[in-house]
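Here the structure is laid out as structure tokens; the discussion comes afterwards.
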Amino acid sequence: MTPTIDVDHVARLARLVLTDEERERFGRQLALILEHADRVREVAAADVPPTSHPIPRANVLRADEPGPSLSHEDALANAPEAEAGMFRVPPITEREEEG
Amino acid sequence: MGDAATTAGPVAGTDTAYETVIGLECHVELSTRTKMFCGCRNEFGAPPNTNVCPVCLGHPGTLPVPNERAIESIVRIGLAFDCEIAPHSLFHRKNYFYPDMPKNFQISQYDLPICVGGHLDVEVDGEGRRIGITRVHMEEDTGKTTHAGATGRIAGADYALEDYNRAGVPLVEIVSEPDLRSPAEARAYLTELRATLLALGVSDVRMEEGSLRCDANISVRPVGHPEFGTKVEIKNMNSIRSVERALRHEQERQVGVLAGGGRVVQETRHFDETTGTTTSMRSKEEAFDYRYFPEPDLSPLEPDPAWVERLRAELPELPAARRRRFEQRYAVPPAQAATLAADHAWAAFFEEAAAGADPRLVANWMTGDLAGLLNEAGIELAGAKVGPRHLTALARLLADGTISSAGAKAALAEAFATGEAIEAVVRARGLAQVSDEGALTAVVDEVIAENPGPVEQFRGGKEGALNALIGPVMKKTGGSANPQVVRDLLRARLSR
Ligand SMILES: [Zn+2]
């Protein structure tokens with residue numbers, strides 16, 4: 001079974017503009033990836049828990065101790081535009097997320 | 001405040017009574033020294049983009065490492081709400097494009113949060129209610145966006161400015177069950193939540209500074225209806241009072257829509273502080289697809305059960321337990337106990353003062369006059385010139401009849417302004433009341449002579465007429481007479 005995939009939807013989520021050729025090519029590639037995942041699902045037994053991390057480690061934490069931050073100048077060095085010590089970005093037309 | 005009436009009462013023009021259903025999502029910034037996944041300082045009010053590094057600016061190739069103090073804090077929060085601490089939980093990436101998150105994703109938790117299934121007990125109008133807590137999860141805060149341009153609002157802004165000092169600050173999300181049934185209950189829940197977090201010492205929970213933020217989901221349905229109505233999400237409320245106001249407005253708006261035969265639209269609405277109303281935030285509503293997937297750069301959290309139990313044993317006394325203790329041990333009325341127990345500073349002040357005097361008097365004067373003086377001066381208890389010893393002295397002098405209520409009021413106000421001892425103020429201002437019968441007899445006799453009407457009524461058996469004689473005595477003594485002594489004296493002189 002070949003899973004169908006809405007390439008336009010995925011492209012929109014990733015904020016990508018695709019040409020017709022890219023849409024066709026990525027559609028084919030994404031379908032292959034999903035097929036592969038489906039094959040894994042066939043052999044995955046019920047007693048095998050889903051793997052989120054390949055290395056069985058947990059609780060890798062750090063102490064709550066301040067470390068060096070960037071200087072203000074370095075932080076803004078790569079900003080396309082800056083103003084009043086802040087990164088200047090294009091206007092936001094629609095609130096898309098609320099954190 | 002009459003909230004129940006707006007909740008379940010029939011609406012004008014209809015016979016239908018409506019029930020309100022509310023769930024709250026709260027975000028709490030933890031007061032750790034550093035951010036969630038990097039060593040940048042977590043501080044409010046620093047100059048823009050001075051607490052930033054390659055990790056929290058989302059530079060390629062950087063690796064996040066969770067802050068162990070933040071994990072400890074969220075486990076303690078979960079334990080305080082009686083949540084189950086998950087033996088295995090994961091961080092996920094929540095993908096979205098918005099310039100306040102330079103990585104283009106936020107690290108959050110998704111289907112395996114660290115704390116699940118707790119509750120918070122609240123009290124509304126003397127009635128206890130248990131509000132379910134669905135989950136408590138760990139995430140990171142976003143940067144701060146300033147919309148710049150002609151209007152200063154999102155719509156019509158020419159550009160935006162980003163300060164990433166807040167990006168990556170540890171943020172805890174606490175999601176309640178839709179168990180709240182009125183705006184007043186929502187207020188009680190938030191007040192209790194805030195007090196609990198304050199007692200845990202994990203956050204400064206200042207809504208005006210954004211370290212406690214709250215969104216509300218609200219729907220209404222005809223009473224007895226088994227299904228929930230269409231819910232609306234409300235944002236932009238920056239005080240507990242605003243939450244209550246916004247919910248009250250939205251509850252009435254929805255009932256109005258339904259009563260008028262209309263349909264409530266599922267949407268997000270924005271609360272406007274100045275008008276006290278909510279307005280629709282977006283014209284088109286699309287379900288967001290955040291494409292959550294496990295954060296490959298962070299290991300799972302698998303807290304050691306022994307460590308969790310140690311944290312549980314070390315939890316401080318929480319406001320609910322403290323409230324009950326104040327009611328039982330000190331016989332303080334529930335409303336006053338709630339006020340005193342909600343804040344650690346108030347609770348400690350009260351217990352110290354109550355150790356040397358009648359606790360009910362101390363509670364009464366703390367929640368009454370002292371609270372009023374603080375409010376008027378716009379200061380916190382910790383910054384006041386009066387301490388527990390002032391309240392102890394005040395309660396003692398009141399109890400032994402040395403000062404009257406009026407005298408106590410004046411003494412506290414003066415001590416509040418100067419910091420002087422209550423005893424010294426009472427002496428210097430001559431606030432001690434006259435209890436000496438000899439000194440009062442002349443005045444009492446004078447008043448009896450001047451008021452034949454009430455005298456006759458009292459002698460005729462009208463007990464209440466005595467008050468008409470006590471007043472003039474108090475007046476003649478400039479309020480310094482002990483009212484109980486005056487009463488007894490009047491009775492004695494009139495029965496002769
Ligand atoms: Zn950083």
Part of [X] within contact of chain A (heavy atom distance under 4.5 Å):
X     : answer
B:L57 : side chain
B:L90 : side chain
B:P99 : side chain
B:K35 : backbone

Distance (rounded to the nearest 0.5 Å) between [X] [atom1] and [Y] [atom2]:
X      : Y      : atom1 : atom2 : answer
A:L76  : B:N49  : CG    : CG    : 5.0 Å
B:I71  : A:D64  : CD1   : CG    : 11.0 Å
B:N95  : A:L13  : CG    : CG    : 9.0 Å
A:E83  : B:E162 : CD    : CD    : 12.5 Å
B:Y164 : A:L70  : OH    : CG    : 13.5 Å
B:L298 : A:R57  : CG    : CZ    : 12.0 Å

(Q) Determine whether a donor-acceptor pair (N or O, by modelled atom type, separation under 3.5 Å) exists between the side chain of A:R88 and the backbone of B:Y159. (A) no
**Q.** Flag, side chain of B:S299 to backbone of A:V60, donor-acceptor distance under 3.5 Å
**A.**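 At least one qualifying donor-acceptor pair exists.
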Q) Are any of the side-chain nitrogens in B:E68 or A:R62 under 4.0 Å away from the carboxylate oxygens of its partner? A) no
Q | A:S69-B:N51 side chain donor-acceptor pair, cut-off 3.5 Å | A | no
Q: List for me each residue that meets ring-ring contact (aromatic ring centres under 6.0 Å, His included) alongside B:Y110, sequence neighbours excluded, and say none if there are none.
A: B:H92, B:Y292
If you count heavy-atom pairs under 4.5 Å with chain A, which of [options] comes out on top?
options                      : value
B:P48, B:A160, B:C56, B:C38  : B:A160
B:P66, B:C53, B:P294, B:C40  : B:P66
B:R291, B:E295, B:R41, B:R69 : B:R291
B:P54, B:P47, B:G143         : B:P54

(Q) Using heavy-atom distances under 4.5 Å, tell me whether A:P66 contacts chain B through its side chain, its backbone, both, or neither. (A) both
Q.
Under 4.5 Å from any heavy atom of chain B, what part of A:H53 do you find: side chain, backbone, both or neither?
A. side chain
Q. Closest heavy-atom contact between A:H9 and B:D289?
A.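 Nearest pair, atom of A:H9 first, then B:D289: NE2-OD2, 3.3 Å.
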Q: Would you indicate whether the side-chain heavy atoms of B:V65 and A:L61 approach each other to under 4.5 Å?
A: no
**Q.** More than 12 heavy atoms from other groups under 6.0 Å of CG on A:N78
**A.**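 Not buried by this count: 12 neighbours or fewer within 6.0 Å.
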Q. Does B:K231 NZ have over 12 foreign heavy atoms under 6.0 Å away?
A.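 No, the 6.0 Å shell around NZ holds no more than 12 heavy atoms from other groups.
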